[in-house]
Amino acid sequence: MSLRLGDTAPNFQASTTAGDIDFYEFLGDGWGVLFSHPSDFTPVCTTELGRMSQLQKDFEKRNAKILAVSVDPLDSHKNWVKDINETQNTNVSYPIIADPDRKVASLYDMIHPNASTTHTVRSVFIIGPDKKIKLTLTYPASTGRNFQELLRVLDSLQLTSEYSVSTPADWQDGEDVIIGGNIKTEEIPDKFPKGHKIIKPYLRTTPQPNK
Ligand code: BEZ
């Protein structure tokens, strides 16, 4: 069954390049980014896992742990990591789950049989500290993902979980945000003292409150 926003992310135990893990224990009370890739020793996946390694510190700054999964076995992952490190100028230290029996892939519906009957598609799940699914993304095998976008979404999710705001198209951390529809216009000055603009009654903006 497919997982939807707001569903509880299923827990699992797995062998990874960083040792055996229990997913919930690994996440602790922070955020998680679980992403699948189709296959080891393939070009797009090599660049993707390298890029995530380069960005790992940026995820950590946001209290988010990252982990990858594919249906390849552990020995293959470990050998492939050497190539990723060499070619992408990095040192992968986040776990890559070995899922040859497709336990995690099935749990998270990462095999889309009309795309490939054997390999995981490029799925992403962002999981909140409450273990609920906050974002899902599915990309085809031929298109490498934009991992900066995941950092942008984490910034938005973390902001909007604290304040009654939402973030507009292409928003970047530090830019104006949209005041929640639940806030009455007369309440705005108290709740958002940095100022506000009423562009339409339903489109009201304010400087980012936590900056
Ligand atoms: C790749 O990572 O380059 C790739 C993997 C599976 C299918 C197509 C491309």
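Just so you know, residue 1 is the first one in the sequence shown, and it goes up from there. As the structure lists them, so they are numbered: ligands from 1, and atoms in each ligand from 1. Values reported hereafter were calculated over all heavy atoms of this structure, with side chains retained and with hydrogens, waters and symmetry mates removed.
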How about Phe59 and Tyr94: are their ring centres within less than 6.0 Å of each other? no
Nearest-0.5 Å distance, CG of residue Leu55 to NZ of residue Lys61: 10.0 Å
Mark up the atoms of ligand 1 that fall under 4.0 Å of a heavy atom belonging to Val44, in ascending order. 1 (C), 2 (O), 3 (O)
Can you tell me how far the CG atom of Asp83 sits from the SG atom of Cys45, to the nearest 0.5 Å? 13.0 Å
Are any of the N/O atoms in Thr42 less than 3.5 Å from those in ligand 1? yes
Ligand 1 contacted by Ser142 (non-hydrogen, < 4.0 Å): no
Identified side-chain hydrogen bond (donor to acceptor under 3.5 Å, both in side chains) partner of His77 from the options Asp72, Asp40, Thr16: Asp40
Out of Asp173, Asp176, Asp155, which residue meets the side-chain hydrogen bond (donor to acceptor under 3.5 Å, both in side chains) rule with Gln208? Asp173
So, is the end of the Lys65 side chain (NZ or CZ) under 6.0 Å from the ring centre of Phe26 and within 45° of the ring's axis? yes
Select one of side chain, backbone, both or neither to describe which atoms of Ser39 lie under 4.0 Å from any atom of ligand 1, heavy atoms only. neither
Ignoring hydrogens, just give me the one of Glu48, Arg122, His119 whose non-hydrogen atom is nearest atom 4 (C) of ligand 1. Arg122
For atom 7 (C) of ligand 1, closest protein heavy-atom neighbour: Ala141 CB, 3.5 Å
Based purely on interatomic distance, does Pro38 place a nitrogen or oxygen under 3.5 Å from a nitrogen or oxygen of ligand 1? no
Within ligand 1, which atoms have a heavy atom of Cys45 less than 4.0 Å away? 1 (C), 2 (O)
